[in-house]
There are 2 protein chains.
Amino acid sequence: MSTAAETTGGDIEPWGEVTPDAARRLLVAAVEAFAERGYHATTTRDIAGRAGMSPAALYIHYKTKEELLHRISRIGHERAVSILRAAAQGEGSATERLADAVSSFVRWHAGRRTTARVVQYELDALGPEAREEILALRRQCDAAVRGIIEDGVATGEFDVPDVKGTTLAVLSLCIDVARWFNVKGPRTPDEVGALYADLVLRMVGAGTSGAAQR
Amino acid sequence: MSTAAETTGGDIEPWGEVTPDAARRLLVAAVEAFAERGYHATTTRDIAGRAGMSPAALYIHYKTKEELLHRISRIGHERAVSILRAAAQGEGSATERLADAVSSFVRWHAGRRTTARVVQYELDALGPEAREEILALRRQCDAAVRGIIEDGVATGEFDVPDVKGTTLAVLSLCIDVARWFNVKGPRTPDEVGALYADLVLRMVGAGTSGAAQR
DNA sequence: AGCCGCACTAAGCGCCCGCTCACCTTCGGC
DNA sequence: GCCGAAGGTGAGCGGGCGCTTAGTGCGGCT
């Protein structure tokens, strides 16, 4: 049991890559504050206070408040890309890979809801340069999902008239989980992941045609 | 052609109910500013400037900046409820009514994207009392859609193992349109509405069973 | 023991925020 | 022609913001 090791689910202890310790505590505090109140409604004094430090301490580790958001957003998006890429490059049929991609992506949005909320909904608070960097990562997310769907159409597993539009809808459905998911609600992240994987397979028409499905 | 009349699509000229004229111009300016930058990043000076007035003029018509958001949110949610209720109480089969609900709800989110964005994503900026009022309207949206899906399950048109979860997903899918829709993008609101109606019918299994579908 | 370097703090600077107030027009009623 | 109400303005108040700076405590090397 190391301080920043993988957990049983293959998930990675979050923010383990951020050093030194004080910088990580500030970043975790910022994630919580941004998720609760939004970037613009969060003060640097609030972030420092949650991390048990004085307001000035923040500026030893980060140049500005925006740099904090940028770091959070990049790390979060890299995680999102790696989740979707891992599923896309898996070994099963397109049906299995799509179900895997959706259920693990949704599990992340539900289980790490505070992070996901900041990552997905505070993009506009970044400056043009940082935003463009993040948008490139989003395009990689889109490409990973679109690739799976195209595979499924090619093998005849899926029936999808509009691949780009359907890709957009699938990602949109997953991302919006970060908006409504409630930790105290009746559903666990695993349950929502399974439900959504089923719904998405229905959206692409998996299992309704006579074509080869594994 | 009156100043606040219905248009060809059955849509209502927005904000026609807000009087006097100066109050309406301020409210429209606030919708644009909140949608572009978010509530907390918008200043009262910006709102007044967009409406061609001095900062002080805002406080003749509205007590606080939050009251502006509250008014926008309530009017927007009332419109959302009326769209969904009109579809739910229509005359066709559950399949037809669900397609109608989704396509018109999506058309509103895409076509009136600035309004929808404020309505759907700035809820947390309201105080507890106003938020509770708005949440009641959201529950009515949920009830309208759930009603259609329950009808379809009862008639055998739909195959839905988890009605509550599927209702949530359908609404989530529609609402998230306000986040990603781009007026300069390749799709019109009508096209997205049609695409989404098709995807949702697939999600509920309409047209796949042997049961009565009209 | 002496000292350097660095993480951190107390205090506060300059700015802009939401909001107010004293005053100014415009205009219908008599 | 005068009046009061309604709707608007310019100036500015108190306060909290992001961020800076001078100084402090302390662990580790010689």
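Naming: A, B, ... by sequence-line order, numbering from 1 per chain.
- Checked by atom type, the side-chain pair B:Glu122/B:His40 shows no donor-acceptor distance below 3.5 Å.
- If you take CG of A:Asp21 and C1' of C:dA7, they are 12 Å apart, rounded to a whole angstrom.
- The phosphate of D:dG10 (OP1 or OP2) has no side-chain N or O of B:Ser54 nearer than 4.0 angstrom.
- The CD1 atom of B:Ile47 sits 13 Å away from the C1' atom of C:dC19 (whole-angstrom rounding).
- Side-chain contact, B:Gln140 with B:His77: no donor N or O sits under 3.5 Å from an acceptor N or O.
- B:Arg79 and B:Ser82 are linked by a side-chain donor-acceptor pair at a separation below 3.5 angstrom, with hydrogens and angles left out of the test.
- Checked by distance alone, A:Arg45 brings no side-chain donor or acceptor within 3.5 Å of a matching partner on the base of D:dG16.
- Rounded to whole angstrom, the span from the CD1 atom of B:Ile60 across to the C1' atom of C:dC23 amounts to 12 Å.
- Each of B:Thr64 and A:Met53 was assigned the nucleotide of DNA chain C with the nearest heavy atom; the assignment lying further toward the 5' end belongs to A:Met53.
- A straight line from CG of B:Asp46 to P of C:dC19 spans 15 Å, rounded to a whole angstrom.
- The interatomic distance linking B:His40 (NE2) with D:dG16 (P) rounds to 16 Å, in whole Å.
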Hey, mind stepping through B:Glu191 and B:Arg107 against salt bridge (Lys or Arg N to Asp or Glu O under 4.0 Å) and telling me if it holds? CA-CA 9 Å; B:Glu191 285 163 0; B:Arg107 268 204 308 273; over 6 Å; no
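- One interatomic measurement links the two molecules: NZ of B:Lys63 to P of C:dC19, which rounds to 11 Å at whole-angstrom precision.
- Atom NZ of A:Lys65 is separated from atom P of D:dG16 by 16 Å (rounded to the nearest Å).
- Note: OH (B:Tyr39) to P (C:dC17) measures 14 Å, nearest angstrom.
- The side chain of A:Tyr59 contributes an N or O atom lying less than 4.0 Å from OP1 or OP2 of D:dC19.
- Residue order along DNA chain D, read from the 5' end via each residue's closest nucleotide, puts A:Thr43 first among A:Thr43 and A:Ala56.
- A sub-4.0 Å separation between OP1 or OP2 of D:dA6 and a side-chain N or O of B:His61 is absent.
- The cationic atom of B:Lys65 (NZ for Lys, CZ for Arg) does not lie both less than 6.0 Å from the six-membered ring centre of B:Tyr59 and within 45° of the ring axis.
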